[in-house]
K.L.:
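To start, I am sharing the structure in question, which I have written as structure tokens.
The shown structure was predicted, so the numbers you read here are calculated from the model rather than taken from an experiment.
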Amino acid sequence: MTLTVRRLTQHSDLGLSLVAGREGADRVIDWAHPIELADPTPWISGGELVMTTGLKIGPTAEEQFNYVARLVQAGTVALAFDTGTTFERVPDGVLTAGDAFGLPILAVPASTPFIAITRAVIDELTADQLRGVQRVVDHQEKLARATLRGGIPAVISMLGRVLSSTVAVIDSDSQVLAVHGADSVRVIRHAREVASTARSTPGRRRPTSKVVADDHGYCTVQTVSAAQDLHGYLAVSSDDLLSASDRLLVAHAVSLVSIELGKPAKVVDAEQRLRAAVTRALLDLGGDLDVSLLRYFGFDTDSQVVALILTNVGPLLAAERQIAAALTGQSTPYLMVPTENDLIVIVPEERSHEVGLHLQQQVGAQLERPLGGGRGLPTPIFTAALSVRQATAAARAGRLQTDRITDFAELGTFSLLLGSQSPAELRALEQSMLAAVDTYDAAHPASSSLVSTLTAFLEHNGHTETAAAALGVHRHTLRNRLVKIAELTGRELDSAYVRAELWVAVQARELLRTMGEEGR
């Protein structure tokens, strides 16, 4: 908390009274300086509380007014006027000038020596400096923890919150790596302008910092480098020039970003392999997994999580990298592991919908393909495998809609039937309805699969025309196959109840396949 004139008057032991210039009571005092000269301005640098007995201010109101005017022109913060030596009270000329210029005038009682005021100011300034140092240390720790949890995006986000500013970092090719704050367009533009200027003058020594002023304030741009290698630029917006403590925090953030950008690619790949291994272990071991492995990736024993299954992702390696970049950019803790064709992503419950939408839009755009998938129900982290099964079921149920993530909760009765079932239970369920059809398909390999025919029929809500078109067969052919299915199962397919039973059996089989089970 900075020392203002108002705060100084609250030191009851000093007995100071604010008698004029009250509108300037919140001015910040940088120092206290007693001086007895008619013109003290050569000895004033600005920001001082000037203390005087009035010995040289002159006897007339005009001289006194001019004395105060000179103090104002020199940048004086306030005038403390002794009322026990030369004057019994603060002269009218001084009071008039104080009100006219908005310069706080403090009446000092005869019992208060100037040295007491000076000591009070020094004590306050020292305490402010200690608080400032502690603030920097505390915020440096926050930045370091953010780096461990979320890399560069987390550092930038934390720096933006600490400084209440917009912060952005770009790489040496002017690509945006991370940004935080509402004024991102302006800050990124200034960072790119500095980068462009540096590239156009390669022979000159690269400046480590540049401050750009415009109609909206200031933008401080610092280079991000390690040894002689330039990695990028970090830019921070501010209404005023950054304070010394704020500059220290920016420098610390630059160092952390430099370390992150300097990580060898092998380190990044090793971290992702570890993440995948921990995810597999979590799904296999549940509560037997060492919690320290989860803490490394931002989770704890009481974490509530949701599993997402992302489908239609294309080449898995490219998709993994894009998803990792997107989640790191949001400072979101996550676990991820690929399956045969899809990706399992486990995220905190409170961010699951936001993350799902973000991945679908951003990663889908970067991969140039619509992403689909499923979302499980919230669950404690050690039972994340249950949410994965639910997400898988939701993805399979919504597989005709490849451009959306289907919520398991939206599936109603279907979710209750399948989501919490074991592989053995699912196998028994699908075999009870489909075993006879499977036997027929196995005995007639040259014929089209009746199971595929049944699946298409059910997926299209029992509409033979659309199902036949989807299978590429004539509607009469489809009807003949449905007659055979009804004969084998002993059930009438015109019944909505029977179609519901068969649909559940087909979905149970699909879920088993995603779990690596054959179901036969």
K.L.:
Without swapping roles, check the side chain of Ser165 against the backbone of Gly160 for a donor-acceptor pair under 3.5 Å.
P.N.:
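Not a single qualifying donor-acceptor pair exists.
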K.L.:
Tell me, which pairs form a salt bridge (Lys or Arg N to Asp or Glu O under 4.0 Å) where one or both residues lie in residues 10-34, sequence neighbours left out?
P.N.:
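The answer is Arg6-Asp26.
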K.L.:
Are side-chain heavy atoms of Ile156 and Val179 found at a separation under 4.5 Å?
P.N.:
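No, too far: nothing below the 4.5 Å cut-off.
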K.L.:
Out of Leu343, Val313, Val347, Leu327, which one pairs with Leu359 under the side-chain contact (heavy atoms from CB on, under 4.5 Å) rule?
P.N.:
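Considering Leu343, Val313, Val347, Leu327, a side-chain contact (heavy atoms from CB on, under 4.5 Å) with Leu359 is found only for Leu327.
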K.L.:
Between the side chains of Thr279 and Arg275, is a donor N or O closer than 3.5 angstrom to an acceptor N or O?
P.N.:
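Side-chain D/A pair, Thr279 to Arg275: absent.
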K.L.:
Check step by step if side-chain contact (heavy atoms from CB on, under 4.5 Å) holds for Val305 and Thr379.
P.N.:
CA-CA 6 Å; Val305 299; Thr379 183; 4.2 Å; yes
K.L.:
Quick check: are there more than 12 heavy atoms from other residues, nucleotides or ligands sitting under 6.0 Å from CZ of Arg119?
P.N.:
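No - once you tally the heavy atoms of other residues, nucleotides and ligands closer than 6.0 Å, there are 12 at most.
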K.L.:
Between Asp128 and Arg135, is there a side-chain N and carboxylate O pair less than 4.0 Å apart?
P.N.:
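The answer is no: the pair does not qualify as a salt bridge.
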K.L.:
Is the closest side-chain heavy-atom distance between Ser174 and Ser196 below 4.5 Å?
P.N.:
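Ser174 vs Ser196: side chains apart.
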K.L.:
Is the cationic atom of Arg192 (NZ for Lys, CZ for Arg) positioned less than 6.0 Å from the six-membered ring centroid of Tyr233 and within 45 degrees of its normal?
P.N.:
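Cation-pi check for Arg192 and Tyr233: fails.
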K.L.:
Are the side chains of Val250 and Thr220 in contact, using a 4.5 Å heavy-atom criterion?
P.N.:
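Thr220 does not reach Val250 side chain to side chain.
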K.L.:
With side-chain contact (heavy atoms from CB on, under 4.5 Å) as the test, would you mind laying out the steps for Glu63 and Ile57 before giving the verdict?
P.N.:
CA-CA 7 Å; Glu63 290 175 307; Ile57 68 170; over 6 Å; no
K.L.:
Should Thr52 and Glu36 count as side-chain neighbours, where that means a heavy-atom distance under 4.5 Å?
P.N.:
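Yes, close enough: below the 4.5 Å cut-off.
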K.L.:
Rounded to the nearest 0.5 Å, what's the gap from CZ on Arg70 to CG on Asp39? Could you check?
P.N.:
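The CZ atom of Arg70 sits 5.0 Å away from the CG atom of Asp39.
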K.L.:
Would you mind reporting whether Leu283 and Ile344 have side-chain heavy atoms less than 4.5 Å apart?
P.N.:
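SC-SC contact between Ile344 and Leu283 confirmed.
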K.L.:
Would you sort out whether Gln73 and Thr41 count as a side-chain contact (heavy atoms from CB on, under 4.5 Å), showing the intermediate values?
P.N.:
CA-CA 8 Å; Gln73 188 175 10; Thr41 56; 6.0 Å; no
K.L.:
Do other residues, nucleotides or ligands put more than 12 heavy atoms under 6.0 Å from Glu141 CD?
P.N.:
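Correct, the count exceeds 12.
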K.L.:
Run Phe382 and Phe299 through ring-ring contact (aromatic ring centres under 6.0 Å, His included) and show every step you take.
P.N.:
CA-CA 11 Å; Phe382 287 123; Phe299 296 95; over 10 Å; no
K.L.:
Ile117 versus Leu106: any side-chain heavy-atom pair under 4.5 Å?
P.N.:
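Not touching, per the 4.5 Å side-chain cut-off.
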